[in-house]
Protein chains: 2
Amino acid sequence: MPERGRPRSFDRTAALRRAMEVFWAKGYEGASLSDLTTAMGINSPSLYAAFGSKEALFLEATDLYTRVEGSDIWTTLEEAPTARLAIEGFLTQTAKAYSQTDRPQGCLIALGALHQDSSQGLICYDLRRRRAENHMALKRRLERAVAEGELPADFDGQTAATFFATVQHGMSIQARDGATHAALMATVAGAMAAWATLAGARA
Amino acid sequence: MPERGRPRSFDRTAALRRAMEVFWAKGYEGASLSDLTTAMGINSPSLYAAFGSKEALFLEATDLYTRVEGSDIWTTLEEAPTARLAIEGFLTQTAKAYSQTDRPQGCLIALGALHQDSSQGLICYDLRRRRAENHMALKRRLERAVAEGELPADFDGQTAATFFATVQHGMSIQARDGATHAALMATVAGAMAAWATLAGARA
DNA sequence: TGAATTATGTATCGATCAACACAGAAAAGG
DNA sequence: CCTTTTCTGTGTTGATCGATACATAATTCA
């Protein structure tokens, strides 16, 4: 491997984590190079040498976010024994994660770049792709429960997945408005109140 | 009134509407003075003379948005004969408004400035206040139904209002992702599926 | 040791940001 | 008419944006 030349004097992963927090708090456009380099403790040439560009840094940061911060939420969805517990756990984990006070509130994937800036469509596209993946994960989990006979055959997994994904997105905005964990759990309660109707629906 | 001096050569209200559309599509930070003056058909000195600053222009634009674009949604909420129809109409009008293809998707109030930029806390604060007002309007409508005996006395208007407001916020992000009217209505169906449980809940 | 390679710090690039100075133009009051 | 008032277009302000040039420092390879 390329171990020649002067070694890097900072921890690349730690710096990436700091960048992730800045993007998380301020969004892609709102995070300036000055914000980033200050938080990362490096100068801009080091940032560009290590990550390439602000765009590439953001893409790496969102990848780290997905792996680290989103892990609990999505493993809960997959591993819960029933579809109902999967959705309830998914939403409960979301409420917990979004209301942590030692980090930015809400979700980087949901809030990072909502306005498609003309020049930087790539960032917007990448976040959309990630949101679409999350929607598909919900749909797959629900349709698995249909296939296993846990849910009725006419259960509309697409509609339900859209509904629960939308609730989660709304919780990001709610969290940004300073909602407490209890307030987020009120939304979870509302969403789960739909379960009985959705799971028992007949065509 | 001050009718002395050279008269304004552009329609102030029409220009404000153009500015609203730019802010709606790009957000507060994403909308540059160049974007605004181009869309409004004026030069920056005229903008500053007529509106004061970018901040003041945004505040006027959100006010116009609330009065014009939000009107249908909130009058439906107030005037529907039952609480259930009020919520259903509120969400249905939202789905219709957010998926119009001849204007930006989603809601200016929800998406206009989610990242609290250090210098411009005023914009963020104003949008938050408007979102809080919307939440209170929902809560008031539901509690009115409780007072009128339409809903059970132990109906939790606060929780339900939080839930439906959050669903609406999520629909803004969903709409920004290109969701069709039908997809938004799937979310409405999910949210209304919660109604039976919420309205019939016993402590 | 010396050549090659890579990272760092300083200093800066052109572009764009929000905002405004200034002079000329268009109206009303006298 | 002339003065006052207000608006418009040109041009520009200092600040900040993302991104680099360049010289130097620190390491490996020969």
Side-chain angles (χ1 to χ4, degrees), chain A residues 1-16 18-20 22-23 25-61 112-113 115-124 126, chain B residues 1-16 18-19 22-23 25-61 112-113 115 117-124 126:
Chain A
M1 302 307 292
E3 293 185 354
R4 307 224 335 196
R6 178 172 174 174
R8 185 174 288 122
S9 66
F10 62 92
D11 183 335
R12 191 182 188 279
T13 304
L16 179 58
R18 299 290 186 84
M20 176 191 80
V22 173
F23 282 129
K26 303 195 166 193
Y28 176 73
E29 291 191 315
S32 72
L33 259 291
S34 175
D35 292 330
L36 291 164
T37 54
T38 299
M40 299 165 84
I42 61 178
N43 295 110
S44 52
S46 297
L47 188 155
Y48 279 87
F51 299 100
S53 67
K54 185 187 175 185
E55 249 190 29
L57 175 61
F58 183 84
L59 295 178
E60 271 202 62
H115 309 288
Q116 51 196 9
D117 42 337
S118 52
S119 60
Q120 304 286 12
L122 179 61
I123 299 298
C124 223
D126 184 71
Chain B
M1 302 306 293
E3 292 184 358
R4 307 224 334 194
R6 179 173 174 175
R8 184 176 288 122
S9 64
F10 61 94
D11 183 335
R12 192 182 189 278
T13 303
L16 178 60
R18 299 291 186 84
V22 173
F23 282 129
K26 303 194 166 194
Y28 176 73
E29 292 190 313
S32 72
L33 258 291
S34 174
D35 293 330
L36 291 165
T37 54
T38 299
M40 298 165 84
I42 59 176
N43 295 111
S44 51
S46 296
L47 188 155
Y48 280 87
F51 300 99
S53 68
K54 186 185 174 186
E55 249 190 31
L57 176 61
F58 183 85
L59 295 179
E60 271 201 62
H115 309 288
D117 43 337
S118 52
S119 58
Q120 304 286 11
L122 178 61
I123 299 298
C124 222
D126 185 71

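Naming convention: chains lettered A, B, ... in sequence-line order (proteins, then strands); numbering from 1 in each chain. Below, all heavy atoms of this structure are taken into account, side chains as well, without hydrogens, waters or symmetry copies.
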*Between D:dC7 (C1') and B:Asp11 (CG): distance, integer Å*: 16 Å
*Send over the distance from A:Tyr28 OH to D:dC17 C1', rounded to a whole Å.*
11 Å
*asked:* C:dA7, OP1 or OP2 - any side-chain N/O from A:Ser9 closer than 4.0 Å?
replied: no
*Between NE2 on residue A:His115 and CD on residue B:Glu29, distance to nearest 0.5 Å*: 9.0 Å
_Sequence-aligned protein contact record of nucleotides 20-30 of chain D, with B where the base is within under 4.0 Å of a protein heavy atom and S where only the sugar-phosphate is_ = BB---BBBSS-
*What's the closest nucleotide to the A:Asn43 side chain, out of C:dA19, C:dG9, C:dA7?*
C:dG9
*asked:* Nearest whole Å is fine: how far is C:dC17 P from A:Glu29 CD?
replied: 11 Å
*Let me know the distance between CZ of B:Arg8 and C1' of D:dT6, rounded to the nearest Å.*
10 Å
_Nearest heavy atoms of B:Arg18 and B:Ala39, plus distance in Å_ = NH1-O, 3.0 Å
*Using side chain to side chain contact (heavy atoms under 4.5 Å, CB included) as the criterion, list what pairs up with B:Arg8, not counting sequence neighbours.*
B:Phe10, B:Arg12, B:Ala50
*Just how far, in rounded Å, is C1' of C:dC17 from CG of B:Leu47?*
14 Å
_side chain to side chain contact (heavy atoms under 4.5 Å, CB included) involving B:Leu16 - partner list, sequence neighbours excluded_ = B:Phe51, B:Leu57, B:Glu60, B:Ala61, B:Leu64
*Under-4.0 Å side-chain N/O to phosphate OP1/OP2 contact, A:Ser32 with D:dC17*: yes
*What integer distance in Å separates A:Lys26:NZ from D:dT16:P?*
13 Å
*Does A:Ile42 reach the side chain of A:Leu36, with side-chain heavy atoms less than 4.5 Å apart?*
no
*Between A:Arg12 (CZ) and C:dT8 (C1'), how many Å, whole number?*
16 Å
*Take the protein atom CG of B:Leu33 and the nucleotide atom P of D:dT16, then report the distance between them rounded to whole Å.*
16 Å
*For B:Tyr28, is the NZ or CZ atom of B:Lys54 found under 6.0 angstrom from the centre of its six-membered ring and inside 45 degrees of the ring axis?*
yes
*What are the two closest non-hydrogen atoms of B:Ala113 and B:Cys124, and how far apart are they?*
O-SG, 3.3 Å
*What pairs of residues pass the side chain to side chain donor-acceptor pair (under 3.5 Å) test when at least one of them lies in residues 30-45 of chain B, not counting sequence neighbours?*
B:Lys26-B:Asp35, B:Ser32-B:Asp35
*Give the dot-bracket string for DNA chain C, reading 5' to 3', where a pair is Watson-Crick or G-U wobble with both distances under 3.5 Å, ( ) marks pairs inside the strand, [ ] marks pairs crossing earlier ones, | marks a partner on another strand, and . marks unpaired.*
||||||||||||||||||||||||||||||
*Distance from A:Met40 atom CE to A:Leu33 atom CG, nearest 0.5 Å?*
9.5 Å
